[in-house]
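Any value given below was found using the heavy atoms of this structure, including those in side chains, with hydrogens, waters and symmetry copies removed. Sequence lines set the chain letters: A, B, ... in the order given, protein chains first and strands last, and positions in each chain run from 1. Every value quoted in this text rests on a predicted model; they were computed, and no experiment measured them.
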Protein chains: 2
Amino acid sequence: MISKTKTRTRDDRADRTQKKILRAAVQEFSTHGLSGARTDRIAGSAKVNKALLYYYFKNKQGLYAAAVEAVAARVVENALAEFDRKYSAGERLLRSALNHFDRILTQREFQSLMQQEMVRFRSGKSGSIPVLFRAAFTPLIAKMREATEDGIRNGEICQMDWLQVMYSIFGANVFYFLSAPMMELALPFRPFGPKALKLRREAAVQFLGAALFTDRAAGMRLANRVLRDMPMPRVKNVQARIENFHARRRPL
Amino acid sequence: MISKTKTRTRDDRADRTQKKILRAAVQEFSTHGLSGARTDRIAGSAKVNKALLYYYFKNKQGLYAAAVEAVAARVVENALAEFDRKYSAGERLLRSALNHFDRILTQREFQSLMQQEMVRFRSGKSGSIPVLFRAAFTPLIAKMREATEDGIRNGEICQMDWLQVMYSIFGANVFYFLSAPMMELALPFRPFGPKALKLRREAAVQFLGAALFTDRAAGMRLANRVLRDMPMPRVKNVQARIENFHARRRPL
DNA sequence: ATCAATTGATTAACTGGTTAGTTAAATTAT
DNA sequence: ATAATTTAACTAACCAGTTAATCAATTGAT
C-alpha cells in the first residue's frame with residue numbers, strides 16, 4: 001500500500017499496457033476505420049502480443065467501442081465548460097463554436113473517429129456505441145438549445161430555430177477539417193497551414209457574429225472580443241502529424 | 001450501325017453489364033467503404049460473375065475509382081448550371097447552396113462516397129482519385145469564388161473572404177446529412193423525416209441570406225424568393241432507403 | 001524471512017473462415 | 001470461324017480470434 005513512486009506492482013503494469021493498447025487502437029481506428037484497422041498492427045505499435053487485445057477487450061469491436069468511448073469522454077467534458085452562465089447567451093454560442101474548432105484542431109483522432117462513426121451509423125447499427133453517444137451528447141445539445149433560446153428571449157439573438165443554429169455552428173467547423181485534405185487539391189494553398197487555420201478560425205466566429213445577432217455590428221464586436229479572449233491553441237505541426245499517421249513501424 | 005431499338009449487339013450487352021456492375025459497386029462502396037466492401041457482394045447484386053469485375057476493372061481499387069468517378073461526374077455537371085450569369089452574384093450563391101442540399105438529398109451515394117474519400121485522404125494517398133477530384137472540383141470552386149467576388153464588388157455581399165463563404169455554404173449542408181443518423185439519438189424527432197428536411201433546407205438558405213448580404217433584409221427576401229423558385233425535390237422515403245442499404249441479398 | 005502455491009499477465013504458434021484475385025473452359029454475336 | 005464476353009471452380013494470402021504454455025508478482029503457511 002506504500003508503493004507509488006517507482007514500483008511496478010502487477011496491476012499498475014497491467015494498467016499501463018491497457019492504456020498503451022487503447023492509445024494504439026485510437027490511432028489505428030482513426031486512420032483506417034473499423035474494417036480497415038488491423039489487430040496485428042495495433043498489437044505491433046503497442047508493442048504487445050496480439051492475444052492481449054483479446055485478453056483485455058472482448059474482440060475487435062469491443063476494442064473499437066472502448067477507443068471511441070475514451071476519446072468521446074475526454075472531449076465532451078471540456079466542451080461543457082464554455083457554457084458558463086457568467087457569459088451572455090450569445091457569447092456562450094460563440095465560445096462553444098471556437099471551442100469546437102479548437103477541439104478538432106488539437107484532437108484529430110476525435111474528429112476522425114466521429115466521421116467514421118457517422119458513416120457507419122448509416123448502415124444498420126453500430127453495436128453499443130449509440131448508447132454511449134446518447135449519454136455523451138444529450139447534455140451538450142441541451143446547453144446549446146438553452147443558450148439559443150435564452151438569447152432569443154432577451155433579444156440578443158435573431159428569432160430562429162435553435163437546431164438550425166447548432167448546425168451552422170458545428171457544420172462549418174467539421175466541414176473545414178473534413179474537406180481540407182481534398183480541398184488541398186483544388187486550392188492554391190495548404191488548408192492545414194498555420195496561416196490558413198488561423199484565418200478560418202477567425203472567419204468562423206465572425207460569420208456567426210454577423211448572422212446570429214439582432215444587432216449585427218454588436219455581434220461582430222463580440223466575436224472579436226471572444227477571439228481575443230480565446231487564443232488559438234498551439235499545435236506543433238498539423239500537416240506532419242497527419243502524414244505520420246501511416247508511417248508506423250511494422251512488427252516483425 | 002442500324003441496331004438501336006431492341007437489338008442486343010455485342011458491345012451493347014457489354015455496356016449494360018458494365019453499368020450494372022458500376023451501379024452495384026456504387027451501392028456497396030457507399031455503404032461499406034473501400035475496405036468493408038465485398039467483391040462477391042458486388043458481383044452478386046449485379047447478378048454477374050465475380051471474374052467480370054476483374055475483366056472490366058483492373059482490381060478492387062480500380063472498380064472503386066470508377067465508381068467514385070461515375071458519381072462525381074454526374075454531380076458536378078448539374079451543379080455548374082446554377083451559376084448562370086443571368087442571376088445576380090448573391091442569388092448564384094444562394095442557388096448553389098440549395099442545389100448542394102438537393103444534390104445530397106437525392107443522391108445519397110455521392111455524399112457517402114465523398115465522406116469516405118475525405119477520411120481516406122487523411123492517411124496517405126488514395127490512388128488515382130486525387131487527379132479525378134482536382135479535375136472535377138476546380139471549375140466548381142472557381143465559379144464559387146467568382147460569384148463571391150462579383151457580389152462584393154457590386155456591394156451586394158459583405159466584404160469577406162470567398163473561401164470562408166464557401167465553407168459556410170457547404171459546411172452546414174454536409175454536416176446536416178453527415179450527423180443526422182447520430183443526432184437522431186439525442187434529438188426528439190427524426191432528422192430524415194420530410195418535415196425536418198424541409199425545415200432545414202429553408203433554414204440553410206435563410207441563414208445565408210441573413211449573413212452574407214450587406215442589406216440583411218434584402219438578403220432574407222432573396223432567400224425566400226429562391227426558395228419559391230426551387231421547390232424541394234421529391235424523394236420517396238429517405239429513411240427507408242437508408243435502412244434498406246444493409247438488407248442486400250446474399251449470393252449463394 | 002523463506003519458499004511453495006496461486007493467481008494474473010503475457011507470449012508464440014496455430015486455426016479456420018474469409019476474400020481478393022486467377023485460370024481455363026464455355027457461350028455468344030458477328 | 002473467331003474474337004469478345006461470361007462463367008464455374010480454384011488458390012494463395014490474409015486476418016480475426018484461440019490455445020496452451022510461460023513468466024512474474026502476490027499470498028500465506030511455516
Side-chain angles (χ1 to χ4, degrees), chain A residues 1-25 28-29 31-67 120 126-127 248 250-252, chain B residues 1-25 28-29 31-67 127 248 250-252:
Chain A
M1 280 269 184
I2 331 103
S3 53
K4 204 59 172 289
T5 39
K6 199 183 179 178
T7 15
R8 280 296 154 88
T9 149
R10 186 159 54 185
D11 35 351
D12 182 31
R13 273 178 60 85
D15 211 56
R16 281 160 192 267
T17 56
Q18 246 189 79
K19 288 216 177 77
K20 270 201 302 184
I21 293 175
L22 263 181
R23 250 198 311 275
E28 177 75 10
F29 284 126
T31 48
H32 301 288
L34 174 55
S35 59
R38 296 293 160 240
T39 54
D40 288 316
R41 222 156 27 197
I42 294 175
S45 71
K47 288 186 208 122
V48 137
N49 189 279
K50 183 166 57 139
L52 265 189
L53 312 189
Y54 296 88
Y55 180 68
Y56 286 117
F57 307 92
K58 187 156 160 283
N59 52 24
K60 196 187 184 186
Q61 297 231 2
L63 182 52
Y64 181 73
R120 263 160 50 69
S126 341
R248 309 231 122 260
R250 275 232 150 207
L252 164 80
Chain B
M1 281 269 182
I2 332 103
S3 52
K4 203 61 171 288
T5 39
K6 199 183 181 176
T7 15
R8 284 292 158 91
T9 148
R10 189 161 48 189
D11 37 348
D12 183 30
R13 268 179 65 84
D15 212 55
R16 279 159 192 267
T17 56
Q18 250 189 74
K19 288 217 176 75
K20 268 200 303 186
I21 293 174
L22 263 182
R23 249 198 312 275
E28 178 75 9
F29 284 126
T31 47
H32 301 288
L34 174 55
S35 58
R38 296 294 161 239
T39 54
D40 288 319
R41 222 156 26 196
I42 294 175
S45 70
K47 284 183 214 130
V48 140
N49 189 279
K50 185 168 55 142
L52 265 189
L53 312 188
Y54 296 88
Y55 180 67
Y56 286 118
F57 306 92
K58 186 157 158 282
N59 51 24
K60 196 188 184 186
Q61 296 233 4
L63 181 54
Y64 182 72
R248 307 232 125 259
R250 275 229 153 209
L252 167 81

Its contact letters, B for base, S for sugar-phosphate only and - for none at protein heavy atoms under 4.0 Å, make nucleotides 12-18 of chain D read ---SBBB
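- In this structure, Tyr56(B) reaches the sugar-phosphate backbone alone: every heavy-atom distance under 4.0 Å involves primed, P, OP1 or OP2 atoms, never a base.
- Here dT18(C) presents its P atom at 12 Å from CZ of Arg41(B), a figure rounded to the nearest Å.
- For Arg13(A) and dA25(D), the CZ to P distance is 7 Å, given to the nearest whole Å.
- If you take CD on Glu28(A) and CG on Leu34(A), they are separated by 11.0 Å, rounding to the nearest 0.5 Å.
- Residue Thr17(B) has a polar side-chain atom (N or O) positioned under 4.0 Å from OP1 or OP2 of dT6(D).
- As rounded to whole Å, 14 Å separates atom C1' of dT22(C) from atom CG of Leu52(B).
- Rounding to the nearest 0.5 Å places NZ of Lys50(B) at 11.0 Å from CZ of Arg38(B).
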Any protein N or O atoms within reach of nucleotides 6-8 of chain C? Criterion: under 3.5 Å, listing atom names and distances.
unit_1	atom_1	unit_2	atom_2	d
dT7(C)	O2	Arg10(A)	NH1	3.0
dG8(C)	O4'	Arg10(A)	NH1	3.4

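- What you find for Ala46(B) and Ile21(B) is that their closest heavy atoms are CB-CA, 4.1 Å.
- Here dA4(D) presents its C1' atom at 17 Å from CZ of Arg16(B), a figure rounded to the nearest Å.
- Under the rule for a salt bridge (charged side-chain N to carboxylate O under 4.0 Å, His left out), Lys20(B) has no partner lying at least two apart in sequence or in another chain.
- Legend: residues meeting side-chain contact (heavy atoms from CB on, under 4.5 Å) with Tyr55(A), ordered by chain and number and at least two apart, are Leu52(A).
- Asn59(B) pairs by the side chain to side chain donor-acceptor pair (under 3.5 Å) definition with nothing, not counting sequence neighbours.
- For the salt bridge (charged side-chain N to carboxylate O under 4.0 Å, His left out) condition, no pair includes a residue of residues 53-64 of chain A, sequence neighbours left out.
- Here the rule is side-chain contact (heavy atoms from CB on, under 4.5 Å) with Tyr54(A), and of Asn49(A), Thr39(A), Leu63(A) only Thr39(A) fits it.
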